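Have a look at the structure below before the remarks.
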Number of protein chains: 2
Amino acid sequence: MPRWEEGSAERLTTAALELFEERGFEDTSVVEIAERARVTTRTFFRYFPDKREVLFAESDRIRTAIVQAVLDAPDVTQPLRVVTTALAQFDWDVGGAEIQRRRHAVIAANPGLLERELIKQDEIATEVVRALRRRGVEEEAARLATRVGIQVFATAYARWAEGDGGADLTELTEAATDLLRALVPTEGPPWPRTREEVRS
Amino acid sequence: MPRWEEGSAERLTTAALELFEERGFEDTSVVEIAERARVTTRTFFRYFPDKREVLFAESDRIRTAIVQAVLDAPDVTQPLRVVTTALAQFDWDVGGAEIQRRRHAVIAANPGLLERELIKQDEIATEVVRALRRRGVEEEAARLATRVGIQVFATAYARWAEGDGGADLTELTEAATDLLRALVPTEGPPWPRTREEVRS
DNA sequence: GTCTATAGTCCGATAGAC
DNA sequence: GTCTATCGGACTATAGAC
C-alpha cells in the first residue's frame with residue numbers, strides 16, 4: 001500500500017489541462033493545479049521545473065524518437081525527405097487523439113504556452129541538424145533541410161489534426177511536399193522579367 | 001526643463017543589454033536594470049510589459065514593414081519569392097550592426113529570450129500569411145510559402161550575421177534559394193526505388 | 001515543508017508640458 | 001484644466017533556497 005496516491009505527475013497534467021481550459025493559463029495558479037491533483041505545490045515543482053512545462057512532459061521522448069529515426073534512415077542523399085519521413089512516421093497520438101487535440105487548442109490559445117511549444121520545436125530542429133551532420137550531410141544543407149522539412153510536415157500535420165476523415169499522415173506529407181515543389185521559384189532572375197526582356 | 005531625464009526607454013534597453021551580457025539574463029533583476037538606467041522598476045514596467053520584452057522594442061516596426069512589403073509586392077505568382085524578398089530588403093541594421101550582433105548573441109545564449117524571439121517570428125509569419133491571402137494566394141500555399149521563405153531567409157541571415165566580408169543579403173538569399181531548389185525531392189516514390197525496380 | 005527573492009499588477013500622488 | 005511621465009508602496013504568484 002503506497003503511503004501517497006500514485007501517479008502524481010499524470011494527475012497534475014490532467015488537472016492542469018482541465019484548469020487551463022476552464023479558466024485560461026494565466027488565470028490558473030499552480031496552487032489550484034496542485035489542489036485538484038491532491039498534492040502540494042512543492043510536489044508540482046518536483047515534477048515540473050515551471051508552470052508551462054506541465055503540458056510538455058512527452059517532449060523529450062518525441063525529440064529522442066525523431067532524432068533516432070534520422071540516425072537510422074536508410075539513405076540521406078535526400079535529407080529533406082529524411083526529415084519529413086522521420087516526422088510523419090512518429091506516433092503522434094500519444095495519450096489519445098482527443099487529448100492531443102485539447103492540448104493543442106490550449107497551447108494555441110495562450111502566448112505563454114505557445115512560446116514553450118516553439119522552443120521545443122527549435123530544440124528538435126537543432127538536434128535533427130546535428131543528426132544529419134553525423135550522417136555526413138553538409139552543415140548548411142542540414143540546417144535548411146531540417147527547418148524546411150519541419151514546415152512541410154507542419155502543413156501536413158495541421159490538415160491531419162483538423163481530422164480530414166482520418167487521412168494518412170504519410171500521404172498528407174507527400175501532398176505537402178508536392179506543394180513545396182510547386183512553390184520553389186524556378187532558376188533565373190528574382191523577379192519576372194520586364195516586358196522589354198520578354199519581348200527580346 | 002524636464003523634471004526627469006529623457007529617453008528612459010533607450011536607457012533601459014541599453015542597460016538591459018549590458019547587464020545581460022555581464023551577468024546573464026536569469027541573474028539580472030529588473031531592479032538592477034532600472035538602477036543602471038536611473039529609473040524605478042515601476043518605470044521599467046511602464047515601457048515594457050515584462051523583462052524579456054526590453055530587447056524586442058523594434059519588433060512591431062519590423063513586422064509592420066515586412067507585411068507592408070508583401071502587400072506592395074508587384075507580383076504574387078511566386079509567393080515564396082515575395083516572402084524572401086520582403087525579408088531580404090528590410091534594413092536589419094537598426095541601431096547599428098554591432099548592437100544587433102550583441103543583441104543576437106544575448107538572445108541565443110538565453111532560452112527565455114530565445115522563446116520570445118521565436119514567438120515574434122511566429123507572429124510575423126501569421127501576419128505575412130494573412131497578407132498573402134489578401135493578395136489572393138490560396139491558404140495552404142500562403143502558409144507553406146511563408147514558413148519556408150522565412151527559413152530560407154534565416155539561412156541567408158545567419159551567413160550575413162557571421163559577417164562574411166559584408167556580403168549582400170539579397171545575394172545570400174538568392175544562394176539560399178538555390179540550395180533549397182537542390183534540396184527539394186524530385187517527384188516519385190518517397191524512398192529510392194529498390195534494386196528490383198531500378199533493374200527493370 | 002517553510003521561507004524568501006523576484007516578477008509583475010494595482011492604485012494613488014506628483015509635477016512639468018500644453 | 002488636461003495630459004503624460006514619473007515615483008511610492010502594497011500586493012500576489014512563481015520559483016528557488018534552506
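Chain letters run A, B, ... following the sequence lines, proteins first, then strands; residues in each count from 1. Note that the structure is predicted; figures quoted are calculated from it, not measured. Just so it is clear, the values below take in all heavy atoms, side chains as well, and ignore hydrogens, waters and symmetry mates.
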(request) Can you sort out which residues in residues 12-23 of chain B have a heavy atom within less than 4.0 Å of DNA chain D? Ascending by number, please. (result) none
Shorter than 3.5 Å, N or O on both sides, protein versus nucleotides 4-6 of chain D: list them out with atom names.
{"residue": "dT6(D)", "atom": "OP1", "partner": "Ser8(B)", "partner atom": "OG", "Å": "2.5"}
{"residue": "dT6(D)", "atom": "OP2", "partner": "Tyr47(B)", "partner atom": "OH", "Å": "2.5"}

(request) Please name all residues satisfying side-chain contact (heavy atoms from CB on, under 4.5 Å) with Ala131(B), sequence neighbours left out, ordered by chain then number. (result)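 Result, side-chain contact (heavy atoms from CB on, under 4.5 Å) vs Ala131(B): Val67(B), Val70(B), Leu71(B).
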(request) List for me each residue that meets side-chain contact (heavy atoms from CB on, under 4.5 Å) alongside Phe45(B), sequence neighbours excluded, and say none if there are none. (result)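 Residues passing side-chain contact (heavy atoms from CB on, under 4.5 Å) with Phe45(B): Val30(B).
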(request) Indicate whether the side chain of Thr43(A) and that of Thr40(A) have a donor and an acceptor atom separated by less than 3.5 Å. (result) yes
Distance-only donor-acceptor hits, side chain of residues 105-118 of chain B, under 3.5 Å, sequence neighbours excluded:
{"residue": "Glu115(B)", "atom": "OE1", "partner": "Arg52(A)", "partner atom": "NH1", "Å": "3.0"}
{"residue": "Glu115(B)", "atom": "OE1", "partner": "Arg52(B)", "partner atom": "NH1", "Å": "3.2"}
{"residue": "Glu115(B)", "atom": "OE2", "partner": "Arg116(A)", "partner atom": "NE", "Å": "2.5"}
{"residue": "Glu115(B)", "atom": "OE2", "partner": "Arg116(A)", "partner atom": "NH2", "Å": "3.4"}
{"residue": "Arg116(B)", "atom": "NE", "partner": "Glu115(A)", "partner atom": "OE2", "Å": "2.4"}
{"residue": "Arg116(B)", "atom": "NH1", "partner": "Asp50(B)", "partner atom": "OD1", "Å": "3.2"}
{"residue": "Arg116(B)", "atom": "NH1", "partner": "Asp50(B)", "partner atom": "OD2", "Å": "3.2"}
{"residue": "Arg116(B)", "atom": "NH1", "partner": "Glu53(B)", "partner atom": "OE1", "Å": "2.3"}
{"residue": "Arg116(B)", "atom": "NH2", "partner": "Glu115(A)", "partner atom": "OE2", "Å": "3.3"}
{"residue": "Arg116(B)", "atom": "NH2", "partner": "Asp50(B)", "partner atom": "OD2", "Å": "3.2"}

(message) Give me each pair satisfying salt bridge (charged side-chain N to carboxylate O under 4.0 Å, His left out) with a member in residues 83-92 of chain A, each pair once, sequence neighbours excluded.
(response)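 Salt bridge (charged side-chain N to carboxylate O under 4.0 Å, His left out) check on residues 83-92 of chain A returns no pairs.
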With [X] via side-chain hydrogen bond (donor to acceptor under 3.5 Å, both in side chains) - residues at least two apart:
{"X": "Gln121(B)", "answer": "none"}
{"X": "Asp72(A)", "answer": "Gln68(A)"}
{"X": "Arg63(B)", "answer": "Asp60(B), Glu127(B)"}

(request) Would you give a per-nucleotide map of nucleotides 13-18 of chain D, 5' to 3', where B means the base has a protein non-hydrogen atom under 4.0 Å away, S means only the sugar-phosphate does, and - means neither? (result) -SBSB-
(message) Quick test of your reading: applying ring-ring contact (aromatic ring centres under 6.0 Å, His included), list the pairs with at least one residue in residues 120-159 of chain A, sequence neighbours left out, ordered by first then second residue.
(response) Trp92(A)-Phe153(A), Trp92(A)-Tyr157(A), His104(A)-Tyr157(A), Phe153(A)-Tyr157(A), Tyr157(A)-Trp160(A)
(message) Nearest whole Å is fine: how far is dT9(C) C1' from Phe48(B) CZ?
(response) 18 Å
(message) I need the CG-P distance between Asp27(A) and dG8(C), as an integer number of Å.
(response) 16 Å
(message) List the residues meeting salt bridge (charged side-chain N to carboxylate O under 4.0 Å, His left out) with Arg61(A), not counting sequence neighbours, and say none if there are none.
(response)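 Arg61(A) satisfies salt bridge (charged side-chain N to carboxylate O under 4.0 Å, His left out) with Glu58(A) only.
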